[in-house]
Amino acid sequence: MANTPDTIIIVCGGILQIPAVEEAKKLGLKTIVTDRDPNAPCRNLADEFYVLDIYDVKGHVKLVRKLKKENNIKGVFTEGSEATISVAAAANELGLPSISIRSAINCRDKTMTRRILSKAKIPMPRWKEITSRDNLSKAVKEIGFPLIIKAGNNSASRGSTKLWNEKGVIDAYNLAKRNSSNDKVIVEELCEGYEQSVEILFDKNKKCTYLNIVDRFFSKNKWSIELGHVNPSNLSPKEKMTLFKITQEAAKAMGINFGVFKADTMMTKRGPIVLEVTPRLSGGFDSQKTTPISSGRNFIRAAMMLSVGLPIDKKDLRHKWKKYASVWTVLSSPGVVTKIDGLKTLEKINGIKEIILIKKIGNKILPMTSSAVRPAYIISEGSSYQEALNLTLAGSDLIKYRVK
């Protein structure tokens with residue numbers, strides 16, 4: 001295909017995928033982006049854009065069959081999104097580097113993940129799968145309070161509710177059911193501890209490299225809203241190594257030995273546990289923003305090089321400096337945005353790297369029931385863990401959404 005351009009297909013074109021499109025262009029690749037939103041942020045950045053739901057697996061397979069006639073497709077890629085099944089299916093259709101479709105499906109299906117990790121003796125919260133209200137009471141009794149009821153295959157905590165007593169159990173089940181496309185609901189032990197996001201990477205020879213760990217912070221109310229993170233983690237070297245190893249064991253259990261693998265973990269009184277896993281780079285402006293700020297590393301480019309069959313540039317994985325970076329969420333009451341206070345003051349504060357407004361004047365903010373509806377983020381850089389964190393905490397207090 002000498003007369004056709006080297007091309008990469010990037011599934012999902014949201015704000016988190018902007019760095020991926022930019023990196024692809026730096027590599028000289030033609031970029032084709034898919035997203036169900038016709039006004040997705042990456043639409044005008046991409047060379048070609050197709051309105052296609054990222055979860056439409058058959059649609060992506062059909063699309064790549066068409067596109068390969070006029071493009072030399074070198075890879076199919078995503079980061080920061082749950083489009084992993086579509087990516088695996090499209091890449092496998094073209095015979096390109098990828099994980100298996102089955103592994104992608106098992107990671108997406110929370111009940112399959114838990115069965116596989118339990119069989120491999122990976123420490124996890126106690127859990128029960130329920131498919132109808134008939135066995136809800138029994139599952140709740142067996143798990144005991146506090147617990148969390150969540151959808152069987154969703155992300156960003158959509159459909160998740162934390163409960164400390166019987167009040168609201170039925171409502172929580174119904175919410176989880178509505179947010180689960182596979183009709184599965186999970187009742188799970190609500191563990192206490194400190195949460196992290198752990199990233200590792202397997203090269204084309206299946207060699208594993210430990211990438212990074214960040215500390216994550218969540219709301220204390222019944223909704224599981226990720227408030228922010230600090231990069232890198234403040235855990236001890238020994239604790240970090242424990243989490244890296246358990247993440248590598250989880251990847252092995254899930255049948256993944258190529259590309260990026262991420263685990264959400266928690267350090268509890270009884271030791272480390274795995275909460276969720278996914279075969280992609282992190283979202284939440286982790287790999288996109290705070291890793292480059294804190295260390296100068298470029299995980300997106302490294303993962304992309306793998307996806308298009310090129311050797312990883314070791315410089316992308318090497319620390320160039322040691323700083324700290326933090327992201328924190330700006331919360332708001334629901335309503336239509338009429339004004340945003342505090343922006344000019346925040347912009348003048350040294351150490352504030354970026355203010356990301358997802359919701360602007362005229363936009364509607366939904367009730368804060370999951371991480372999917374967060375309206376804005378503050379990103380900071382600091383010479384210490386606490387400095388970076390304090391900057392974003394102060395920044396989130398300064399920004400005030402006025403709604404009606």
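These numbers come from a predicted model, not from an experiment.
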Salt-bridge present ([X], [Y]; N to O < 4.0 Å):
X: Glu249; Y: Lys121; answer: no
X: Lys262; Y: Glu276; answer: no
X: Arg297; Y: Asp316; answer: no
X: Arg114; Y: Glu188; answer: yes
X: Asp56; Y: Lys58; answer: no

Taking [atom1] in [X] as the centre, count heavy atoms belonging to other residues, nucleotides or ligands within less than 6.0 Å. Is the count above 12?
X: Lys364; atom1: NZ; result: no
X: Tyr55; atom1: OH; result: yes
X: Lys30; atom1: NZ; result: yes
X: Asn350; atom1: CG; result: no

Assess the side chains of [X] and [Y]: does a donor N or O sit below 3.5 Å from an acceptor N or O?
X: Asn231; Y: Thr291; result: yes
X: Ser224; Y: Ser157; result: no
X: Glu199; Y: Ser282; result: yes
X: His229; Y: Ser197; result: no
X: Asn71; Y: Thr4; result: no

Side-chain ([X]) to main-chain ([Y]) donor-acceptor, under 3.5 angstrom:
X: Glu22; Y: Ala20; result: no
X: Asp109; Y: Met112; result: yes
X: Tyr324; Y: Ile293; result: no
X: Ser295; Y: His319; result: no
X: Ser294; Y: Thr290; result: yes
X: Asn363; Y: Lys360; result: yes

Discussion item. Go through it in stages, so that I can follow the logic: the residues are Lys110 and Asn153, the test is side-chain hydrogen bond (donor to acceptor under 3.5 Å, both in side chains), and I'd like the CA-CA distance, side-chain angles, deciding distance and then a yes or no.
Written reply: CA-CA 6 Å; Lys110 297 180 189 297; Asn153 66 340; over 6 Å; no

Would you indicate whether the side-chain heavy atoms of [Y] and [X] approach each other to under 4.5 Å?
X: Thr392; Y: Val327; value: no
X: Lys25; Y: Asp47; value: yes
X: Lys240; Y: Thr242; value: no
X: Leu96; Y: Val76; value: yes
X: Ile352; Y: Glu347; value: no
X: Ile273; Y: Leu275; value: yes
X: Val169; Y: Thr161; value: no
X: Leu67; Y: Tyr50; value: yes

Fill in: Stepwise side chain to side chain contact (heavy atoms under 4.5 Å, CB included) test for Leu190 and Ile143
CA-CA 9 Å; Leu190 182 62; Ile143 297 300; over 6 Å; no

[X] to [Y] - nearest heavy-atom pair and separation:
X: Ala46; Y: Thr31; answer: CA-OG1, 3.4 Å
X: Ile99; Y: Phe258; answer: CG2-O, 3.4 Å
X: Asn135; Y: Thr131; answer: OD1-N, 4.0 Å
X: Pro334; Y: Pro367; answer: CB-N, 3.8 Å
X: Ile225; Y: Met368; answer: CD1-O, 3.2 Å

Worksheet entry | Contacts of Arg126 that satisfy salt bridge (charged side-chain N to carboxylate O under 4.0 Å, His left out) - sequence neighbours left out |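 Per chain and number, Arg126 pairs via salt bridge (charged side-chain N to carboxylate O under 4.0 Å, His left out) with Glu189.
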
Item to complete: For the pair Thr369 and Leu175, evaluate side chain to side chain contact (heavy atoms under 4.5 Å, CB included) and give the outcome as yes or no after the intermediate values.
Response: CA-CA 11 Å; Thr369 59; Leu175 179 65; 5.9 Å; no

Practice prompt. Check step by step if ring-ring contact (aromatic ring centres under 6.0 Å, His included) holds for Phe285 and Tyr377.
Written response: CA-CA 9 Å; Phe285 301 102; Tyr377 306 85; 4.9 Å; yes

Discussion item. Does the plane of the ring in Phe217 sit parallel, tilted or perpendicular to the ring in Trp328? Use 30° and 60° as the thresholds.
Written reply: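 Geometry flag for Trp328 against Phe217: tilted rings.
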
Using atom types as modelled, flag every donor-acceptor pair under 3.5 Å from a side chain in residues 10-19 to any protein atom, sequence neighbours excluded.
unit_1 : atom_1 : unit_2 : atom_2 : d
Gln17  : OE1    : Gly14  : N      : 2.8
Gln17  : NE2    : Glu79  : O      : 2.7

Worksheet item: Would Arg43 and Asp37 satisfy salt bridge (Lys or Arg N to Asp or Glu O under 4.0 Å), going step by step from the backbone distance to the final call?
Response: CA-CA 9 Å; Arg43 181 183 186 114; Asp37 181 2; over 6 Å; no

Item to complete: Any chance you could lay out the salt bridge (Lys or Arg N to Asp or Glu O under 4.0 Å) test for Arg402 and Asp341, step after step, and finish with the verdict?
Response: CA-CA 8 Å; Arg402 306 300 178 186; Asp341 294 332; 2.6 Å; yes

